[in-house]
Amino acid sequence: MKKLLLFLLLSSFLLLITACNFGDETSSEQDGDDGATETENDSSEEEGTSDESSGEKVINLVEESDIPTLDSSHAHDGIGFTVLNNVKEGLYRGDENHTPQLAMAEDHQVSEDGTVHTFTIRDAQWSNGDPVTAHDFEFAWKRTFEEVGHYNVMFETASVLNATDIINGDKSPDELGVEATDDKTLVVTLENANALFKQLLTFPTFLPQNQSYVEEMGEDYGTEAENVLYNGPFVLDSWSHDQEWTYKKNPDYWDASAVNLDQINVNVVKETSTAVNLWETEEVDRIELSSSYVDQYTDAEEFEVIELPDIVFMRFNHNLEQFQNANVRKAIDMAIDKEGLTNTILNDGSLPLNGLVPLNFSNSPDNHEDFREINGQFNEGTVEDAQALWEEGLSEIGSDGFNVALTVSDDENHQKAAEYIKNQLETNLDGLTVEINTVPFSARLEQEKAVDYEMVISTWGPDYSDPMTFIDMWVTDGPANRMDFSNEEYDELVQQARVETDAAARYELLLQAEQILMDEMHIAPLYQGAYSMLTRTFVKDVVHHPAAPEWDYKWADVE
Amino acid sequence: MMANQRKEITDDLFVHEPLEEGKAEELSESPTSFWREALGRLFKNKGAVMGLITIIVISVLAIAGPIMNSYHYDDQDILRSNLPPLIPGLEWMGLDGTNVDGVNIYEQQGVTDAPAWAGTDEFGRDLWTRVWKGTQISLLIALVAAFLDLMIGVIYGAASGFYGGKVDDIMQRIVEILIGIPNLILIILFILILEPGITSIILALVITGWVNMSRIVRGQILQLKGQEFVLASRALGSSNKQLLWKHLIPNVVGPIIVTLMFTIPTAIFFEAFLSFIGLGLQPPLASLGTLIEDGYQEMRYFAYKLIFPAIVISAIMISFNVLGDGLRDALDPKMRK
Amino acid sequence: MLRYILQRSGYMIVTLFIIVTITFFLMQLLPGTPFSNPDKLSERQLELMEEKYGLDKPVPVQYITYIGNLLQGDLGLSFQYEGRTVGSMIGERIGPSALIGGQAVVIGLLLGVVLGVISALKHNSFLDYGSVFIAVLGMSIPSFVFAALLQYYIGVRLEWLPAALWKDYSHSFLPSIALSVLVIATVARFIRTEMLEVLGQDYVNTARAKGIGEVVVILKHVLRNALIPVVTVLGPLAVSIMTGTLVVEKIFAVPGLGEQFTLSILVNDYSVIMGITLFYSALFIFIVFVVDILYGVLDPRIRITGGKNDG
């Protein structure tokens, strides 16, 4: 009896181990094929060199969560976009300088009024050998509407004909302004000329899909590495959910000679401390640091800061009497020492922000000056200036001070910022008390959308590389407004900019719009984010785009 | 299951002998001498006495600590950001104001005002003050939660185990339902309905916290109620109430105390977990849990941020446990000579 | 006995049903939507998506649909990981969690019993205090700190074991050790207390008087009786450890269930919340049932099947 029990226990334990999806099982199979990964397991100390000696160029990366889906119609987050961008390719691909370059399209003709775009698809093939055709684009784009993908609004932003009507339910997805006239020719019709069109085509929602394959896969499409077809610089060789995935060079890629890496291993690591330990044991070649590790590595030669165009700012509830007063808003913004916040408290490369559009995000079309530098810094001043504004504002609203609730979500950096802001405001502005109200992210969003808060720390990241992605947030009743801000002149400027085809004139309109918003500090900008990264010195030419898709490994190399 | 086939001794086998007034008390000892005796045994136990002293010292510091220097727990000053601990006179212990690289930050930054005994955090807040303020809050949360767990858990578990049968069945199914519903959902709802803060944290802790206690007590009572002394006592005419409180519960004191000892760190760390997902204490208030949580992030470079709160919490835990063991020994009826 | 098992199984199904029902309705009260990246979704887009996934219907209708699917064994699809079935997600994740948890329970039980027995036999000696100290220290250092220390010293400094990730069997050691701390403390503390209690009882003295060796007395008579509260706590503890723990899985980058569960609640992934809740409660209820049966095995005097008056 006891022996039987013991036997049962042991066998169930063995069963358990085999059921554990250890990542090694899949990769050991591959070891038989090329024998290169084996050496890497033995001597993890000198990964870069050992890979070179066997002729394989391999880098090891980490991501902080799993790929949600490989279906480009449904993709909705940075990790998914990055993966899709490296394993598939659309009409355009952003180059090292983030400029869109022809990719799956080898030719692009535009009608005189800028509304009809004719693309010629180059000779390229899917990973199952099928050719990539114009029909793959038409199918994928329409399917995005049928499937109600998260990002089908990108078609609206791109002014593709009927996109708005389809979303509103007035027209069927079939009526989208895209048509494959033959296997090689794709015609896209726009409602009006759109300066952003090329830029937007690099976004993963515009990727092609092979119709017969997608229909064959049905619900399973995009759920496993084997359930997707690839036409990009890499193919996804394996994907163990929530654990790791591996890119391999795509030998059939049209521009395969430009691709240098043979393999990229990505491990899912959710804790920064864990990533740091894996960096120390040389198991990974590139990690992102949180601010608590920056002091430790700031002098290392592998350390670099990548500025992000993500902005963190405070919304004021414009329905409240005290926040309808410009001086009160300006005083609150000015009383915060933003440099102290970014340099001492956050300490992760974040930059203080005194405007809406972040630094190093957009250059003017003619003389290539930075948007932020043209419009300058808004509402800078000393604590005394802030106090003067505060006194003035208070007397205008006939109050001698008030208590304000500051809503913040459970992000570590935002909470730190809230603690700092509370102390700054209470110390610098007499009569102001701040109560921090921490809630889960989804609750913060719900409060924001219902404008049911007093002040809230919010974020916004760009959807595309153009100031419009920040500017059009604040139109009256816009979905990203969320503070009941309304200004007719502002709405008018945004509307003009949307249809303006002259790049310089359009840029001027955007600059003016920002001035309207910022002259009276309708929001209080705090900082723009940054990545503090550690990258092995032998890893070269990984491209980081300011807007999705974030990372491009096409040109990356190991030296 | 053969043992179960024997004839059960049931109530009707006994004739009820009316007890003279006062006789019952004669049979058991007077409560005062019991407590005095227990106290005597407790004080003879060196470990327990040490534990008690440590707890008293920590409690005093938790109240007095924050007012021992001139800093308030929310005094921010970025010029004093991340200062290592410095106690004049105790430099030889490593409390010399140097960081891991051996650089004296006080000299480097030109900080000349009062040194931070336990260092400062990135906001320049004094950690000595914050650690003791945090101890105050953590002790409060832990003790209140432990007390409520004890009350609810013991009564529920005892009733369930003692009455058995249908009552036990229903009471246990209710417990299973409570445990089955993910308590994170309950807690989020709680905190959205009530205000985030100490009250909602304690309530969140108590919703499911007492379940463990009740299960332990139930298991023990089930074991005890079949024993001879219970039958004997019942034969002597004890009522259910007397049986439960005079005979059963005292015999479960050991496991109760041990369970209670687990409630305290669970409460403290659960509170930290809640703060971590943004549902706990509202900053700038601190607790030992949140301080450890923050310190852990930076334990490589600013080890002192983790070490001080960790020492305090370990000291609290060890002393409570040693004291708990002593209490158990002192109260256990079987240990009496 | 058979009747009892059948009866309990009936209760189990009713209990599960109540848990599922309550969780379903509570979950709907959580703020937010199950869709990812809600920051960028417009109202209109949100309405379209809700319509597509049937979330625009009244909650009771959704509930009936859910129960209907559940009865056919369909747990639904995840919202966050589009297209993936909840069943396959649980299947993939439970393996690693159960392995590190199971090992932790075994390690914890062995070490815990040793520490507890030493403590009880050498009552109030330095060995006793030493064991209490070790057991309590493990408990008073939060698991994330302990896990991080283990990872740094054993994984990074000494390089004895892999620091993190999930590649082969050796990767399961450090997380198991980190998890076992709580089990060690629990087992050691309860064994000590109970053994002290049992050691003083008459039948132990009788056994000794009969000339039975001390080791046999300890193992057969004392330890066995001291196991009752350990079984009571360890059953549910094992369930919660083996179904995954957020902190340890995160720190050691183990693709387990615990992290997934917390995340699914924070992002309102309704079908995943329901699936894991169901899985966890079923397991828990079953273990509680086993524990109740074990009472009888460990101590024949305990009669769980009947009340005080029947039988």
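What you see is a predicted model; the values in this text were computed from it and never measured.
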Query raised in the report: Any side-chain heavy-atom pair from A/D242 and C/E92 closer than 4.5 angstrom?
Result: no
Query - Max heavy-atom pair count under 4.5 Å with chain C, selected residue of A/V276, A/N168, A/V269, A/V153 - result: A/N168
Query raised in the report: Hey, what do you get for OG (A/S442) to CG (C/N268), rounding to the nearest 0.5 Å?
Result: 5.0 Å
Query raised in the report: Side chain, backbone, both or neither: which part of C/L165 has an atom under 4.5 Å from a heavy atom of chain A?
Result: side chain
Requested in this report: Report the residues that fulfil ring pair (Phe, Tyr, Trp, His ring centres under 6.0 Å) with A/F155, sequence neighbours left out, ordered by chain and then residue number.
Outcome: A/W141, A/F145, A/F206
Query - Contact winner vs chain C - A/D220, A/V268, A/N267, heavy-atom pairs under 4.5 Å - result: A/N267
Query raised in the report: Using 4.0 Å as the upper bound for N to carboxylate O, is an ion pair formed by A/E147 and C/K52?
Result: yes
Report summary line: chain C shares the most heavy-atom pairs under 4.5 Å, among A/V62, A/N152, A/V148, A/I67, with A/V148
Query raised in the report: Would you find more than 12 non-hydrogen atoms of other residues, nucleotides or ligands less than 6.0 Å from C/F25 atom CZ?
Result: yes
Report task. Give the member of A/R444, A/E448, A/E280, A/R482 that has the highest number of heavy-atom pairs under 4.5 Å with chain C. Result -> A/R482
Query raised in the report: In terms of heavy-atom contacts, does CZ of C/F286 have more than 12 from other residues, nucleotides or ligands at under 6.0 Å?
Result: no
Report summary line: In short, A/S273 meets C/Q151 closest at the heavy-atom pair O-OE1, 4.2 Å
Report summary line: Whatever's closer than 4.5 Å to a heavy atom in chain C on A/E219 counts as both
Query - Heavy-atom contact with chain C under 4.5 Å, split by part of A/E156 - result: side chain
Report task. Specify which of A/T69, A/D71, A/T223, A/I167 makes the most heavy-atom pairs with chain C at under 4.5 Å. Result -> A/I167
Query - Lys/Arg N to Asp/Glu carboxylate O, C/E249 vs A/K270, below 4.0 Å - result: no
**Report entry** Polar side-chain atom of A/T281 near backbone of C/V156 as donor-acceptor pair, under 3.5 Å
**Finding:** no
Report summary line: Note: vs chain C, highest number of non-hydrogen pairs under 4.5 angstrom among A/T272, A/N227, A/D463, A/T459 is A/D463
Query raised in the report: Is the CD atom of A/E146 crowded by more than 12 outside heavy atoms at less than 6.0 Å?
Result: yes
Query raised in the report: Among all residues two or more places apart in sequence or in another chain, which pass the ring pair (Phe, Tyr, Trp, His ring centres under 6.0 Å) test with A/H241?
Result: A/W239
Requested in this report: Answer with side chain, backbone, both or neither: which region of C/L263 has an atom nearer than 4.5 Å to a non-hydrogen atom of chain A?
Outcome: neither
Report task. Please look at A/F441 and chain C and tell me whether the side chain, the backbone, both or neither of the residue comes under 4.5 angstrom of a heavy atom of that chain. Result -> side chain
Query raised in the report: Roughly how far, to the nearest 0.5 Å, is the CD1 atom of A/I166 from the CG atom of C/L48?
Result: 11.5 Å
**Report entry** Over 12 non-hydrogen atoms of neighbours within 6.0 angstrom of CG in A/D477
**Finding:** no
Query raised in the report: Under the 3.5 angstrom rule, does the side chain of A/Q243 hit a backbone N or O of C/W166 as a donor-acceptor pair?
Result: yes
Query raised in the report: What part of A/P479 lies closer than 4.5 angstrom to a heavy atom of chain C: side chain, backbone, both or neither?
Result: side chain
Report summary line: Cut-off 4.5 Å, heavy atoms of chain C, and the answer for A/A480 is neither
Query raised in the report: Under a 4.5 Å cut-off applied to non-hydrogen side-chain atoms, are C/M49 and A/H150 in contact?
Result: yes
